[in-house]
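Indexing begins at 1, ligand by ligand and atom by atom, following the structure's order. In what follows, every heavy atom counts, from backbone to side chain, and hydrogens, waters and symmetry copies are set aside.
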Amino acid sequence: MADHVYIEDISEHTGEDVTLKGWLFNYRSSGKISFLELRDGTGFIQGVMLQNDVGDELFERVSHLPQETSVIVTGHVKEDERAPFIPYELKISDLEVVAEPEDEYPITHKDHGVAFLMDNRHLWLRHPKQQAIARVRHRTVEAIRDFFNERGFTNVDAPIFTSSSVEGTTTLFEVDYFGEQAYLSQSGQLYMEAAAMALGKVYCFGPTFRAEKSKTRRHLTEFWMVEPEVAFMEHDENMDLAEDFLAHIVDHVLETCQTELETLERDTTTLEAAAESSFPRITYDEAVDILHDHGSDIERGDDFGGRDETILTEQFDKPVLVERFPSDIKPFYMKDDPDDSSRALCLDVLAPEGYGEIVGGGEREADFDTLQERIQEHELPEEAYEWYTDLRRYGSVPHSGFGLGLERTVAWICGRHHVREMIAFPRMLDKIIP
Ligand code: 4AD
Ligand code: MG
């Protein structure tokens with residue numbers, strides 16, 4: 001009896017008899033020979049079955065097996081440069097059916113509409129492109145953790161039930177917390193500021209919630225954000241950190257996901273440029289000038305719209321760092337530019353090719369009195385922020401950080417239009433099933 005091997009390891013078994021366990025993805029036949037496209041989660045391989053090798057009965061039975069039948073297949077591994085998927089083929093000697101589908105598999109090999117695919121998300125995950133996205137996401141997460149671990153950051157998990165808003169009150173999900181008003185976390189930042197005062201360099205990485213009423217290709221109601229926070233780090237170093245971080249992620253994905261990027265038919269030119277860092281840096285005011293030159297009617301002082309971000313990123317072949325936005329349109333915790341108090345020491349990173357903002361962050365207001373004023377100006381409940389202002393009461397230091405949205409980053413890396421495919425089970429305004 002041959003040993004069970006995974007398709008990803010098949011090259012180590014050339015010339016051997018092996019057993020694969022997986023699913024029948026596609027079938028076609030011509031006369032006394034049939035071709036079975038098999039998948040096992042680690043890859044796809046073509047199996048070739050000759051009527052003379054397996055006998056009439058099995059040959060006939062296999063010809064009726066529907067798509068997604070689960071199977072155990074035994075055969076001989078042969079190198080073949082012309083084979084689809086990978087340069088190996090399995091010459092099948094035996095096939096055992098584990099379970100035949102009860103009904104016809106809904107996602108056939110023809111094109112389907114997105115609404116239908118989204119309703120069948122639990123099955124759509126099996127599609128080669130969706131598998132490729134899941135692997136790119138996995139490698140992105142690996143790169144995120146490696147980057148911070150290698151630089152001596154400590155991972156601190158922020159709570160999901162919270163008592164205060166971070167990014168404004170309009171996108172909070174309210175929760176009844178034993179009769180008290182609580183919210184699902186919009187950002188772990190405030191907790192990371194506390195942790196940075198204890199541990200120096202920290203990051204959190206977890207689910208984040210925004211009651212976004214907008215149906216755009218960039219918005220989820222539940223997404224994953226990674227948020228580093230560093231004591232004694234000022235604005236310029238924060239920009240360097242964001243740049244190095246993103247370059248590292250892209251570099252790692254390029255190194256580990258060539259097959260996946262090919263499956264996704266991703267042109268990797270801009271990714272290769274991004275992996276080399278040296279991103280262009282412009283101020284908000286310079287960005288507004290560029291926008292005006294390219295037909296946008298944005299008013300100086302307003303935040304960028306989706307279209308503005310698209311125009312801006314099309315001017316650069318790398319991610320671009322935009323710094324010093326107007327303080328008025330930024331959250332209460334931002335530190336003002338000491339040279340121009342109308343501008344904040346903040347940064348956004350915009351991904352090229354029209355993807356737009358994937359990172360947002362900045363230096364935090366470290367002065368107790370100024371922060372108290374901000375909380376009042378933003379009409380936030382002071383009691384809920386008392387612990388946070390304590391951080392300025394006891395040995396306050398300059399500190400900075402940022403948040404990177406995982407799904408938007410993966411969407412750009414994969415070159416896919418919409419963030420909904422970047423998480424296994426997306427949550428959006430009109431989507432909670434499956
Ligand atoms: O710019 P944001 O709102 O920044 C913060 O939350 C800061 N407190 C982070 C920090 O400084 N620690 O969000 C950061 C990133 C965005 O750039 C974007 O990539 C992602 O989070 N993001 C979303 N992704 C998907 N769907 C949404 N609704 C998102 N909202 C933000
Ligand atoms: Mg932002």
Side-chain angles (χ1 to χ4, degrees), residues 137 140 144 148 153 156 158 162 164-173 183-196 201-230 233 235 238-239 241-242 245-246 249 284 303-306 308-309 313 319-323 325-326 329-335 344-351 355-365 388 399-413 416 418-423 426-429 431:
R137 179 183 167 113
T140 303
I144 287 170
F148 291 123
F153 282 65
V156 177
T162 65
S164 48
S165 89
V166 188
E167 298 298 312
T169 48
T170 53
T171 60
L172 285 172
F173 273 110
Y183 312 99
L184 297 183
S185 176
Q186 257 182 341
S187 158
Q189 178 194 321
L190 308 190
Y191 302 101
M192 288 309 101
E193 290 184 51
K201 295 181 279 186
V202 297
Y203 74 98
C204 64
F205 189 17
T208 309
F209 304 86
R210 303 268 168 107
E212 302 274 10
K213 297 259 162 59
S214 41
K215 283 194 198 175
T216 81
R217 68 182 184 113
R218 294 169 181 163
H219 288 98
L220 295 165
T221 53
E222 176 175 343
F223 62 98
W224 280 63
M225 178 154 53
V226 51
E227 298 179 87
E229 191 72 32
V230 182
M233 183 172 74
H235 174 64
N238 197 28
M239 302 233 289
L241 184 69
F245 179 47
L246 190 55
I249 291 173
Y284 165 87
D303 208 351
F304 303 143
D308 296 319
E309 287 188 1
T313 62
V320 53
L321 285 130
V322 186
E323 57 169 324
F325 284 70
I329 56 170
K330 287 292 169 187
F332 75 98
Y333 56 75
M334 292 276 188
K335 181 176 166 68
L345 291 179
C346 62
L347 77 110
D348 273 10
V349 181
L350 310 183
Y355 282 89
E357 185 199 333
I358 55 175
V359 171
E363 186 166 339
R364 323 307 187 185
E365 180 52 68
Y388 181 66
H399 61 288
S400 310
F402 58 81
L404 172 135
L406 180 63
E407 290 76 14
R408 287 193 192 174
T409 305
V410 177
W412 165 58
I413 293 175
R416 303 292 284 181
H418 202 296
V419 287
R420 68 186 153 213
E421 288 176 50
M422 304 305 127
I423 184 163
R427 296 291 172 251
M428 297 183 292
L429 188 55
K431 194 89 214 153

### Task
Just say parallel, tilted or perpendicular for the rings of Y284 and F304, cut-offs at 30° and 60°.
parallel
### Query
Looking at E229 and R364, does any basic side-chain N land under 4.0 Å from a carboxylate oxygen?
yes
### Task
On the 0 to 90° scale, with breaks at 30° and 60°, tag the F245-F402 ring pair as parallel, tilted or perpendicular.
tilted
### Query
For Y333 and Q189, does a side-chain donor sit closer than 3.5 Å to a side-chain acceptor?
yes
### Query
Side chain, backbone, both or neither: which part of F223 has a heavy atom under 4.0 Å from ligand 1?
side chain
### Message
Tell me the closest heavy-atom pair linking L220 and E212, and the distance in Å.
### Response
O-CG, 4.0 Å
### Message
Can you list everything that forms a salt bridge (Lys or Arg N to Asp or Glu O under 4.0 Å) with E421? Sequence neighbours excluded, please.
### Response
R416
### Message
Heavy-atom distances under 4.0 Å decide this one: backbone, side chain, both or neither, for Y355 against ligand 1?
### Response
neither
### Task
Determine how many protein N/O/S atoms sit closer than 2.8 Å to the Mg ion (ligand 2), leaving waters out since they are not shown.
1
### Query
At a 4.0 Å cut-off, with the gap strictly under it, does some heavy atom of V359 reach an atom of ligand 1?
yes
### Task
Please say whether G362 places an N or O atom under 3.5 Å from an N or O atom belonging to ligand 1.
no
### Task
State, to 0.1 Å, how close F325 and V322 come at their nearest heavy-atom pair, and which atoms those are.
CE1-O, 3.5 Å
### Task
Please work out which of the three classes, parallel, tilted or perpendicular, describes the rings of F209 and F173, given edges at 30° and 60°.
perpendicular
#### Entry: Options M192, E227, R364, ranked by nearest heavy atom to atom 11 (O) of ligand 1, top entry
R364
### Query
ligand 1 and I358, any nitrogen or oxygen pair closer than 3.5 angstrom?
yes
### Message
Can you name the atoms of ligand 1, numbered from 1 with element, that are less than 4.0 Å from a heavy atom of G360?
### Response
1 (O), 9 (C), 10 (C), 11 (O), 17 (O)
#### Entry: Residue M225 vicinity, atoms of ligand 1 by number, heavy atom under 4.0 Å
6 (O), 13 (O), 14 (C), 15 (C), 21 (O)
### Query
Do any nitrogen or oxygen atoms of E357 lie less than 3.5 angstrom from nitrogen or oxygen atoms of ligand 1?
yes
### Task
Identify, by atom number and element, the atoms of ligand 1 in contact range of Y333, meaning under 4.0 Å from any of its heavy atoms.
7 (C), 8 (N)
### Query
For atom 3 (O) of ligand 1, which of R408, Q186, R210 has the closest heavy atom?
R210
### Pairing residues for E407 by the salt bridge (Lys or Arg N to Asp or Glu O under 4.0 Å) criterion, not counting sequence neighbours
R137
## Note on the structure
Across all chains, not counting sequence neighbours, the side chain to side chain contact (heavy atoms under 4.5 Å, CB included) partners of R427 are T221, E222, F425, I432
### Summary
Which of R217, R218, R408 passes salt bridge (charged side-chain N to carboxylate O under 4.0 Å, His left out) with E309? Answer is R218
### Message
If I apply the N/O under 3.5 Å rule, does L220 come out as touching ligand 1?
### Response
yes
### Query
Hey, looking at atom 15 (C) of ligand 1, which of S187, S214, P426, G403 has the closest heavy atom?
G403
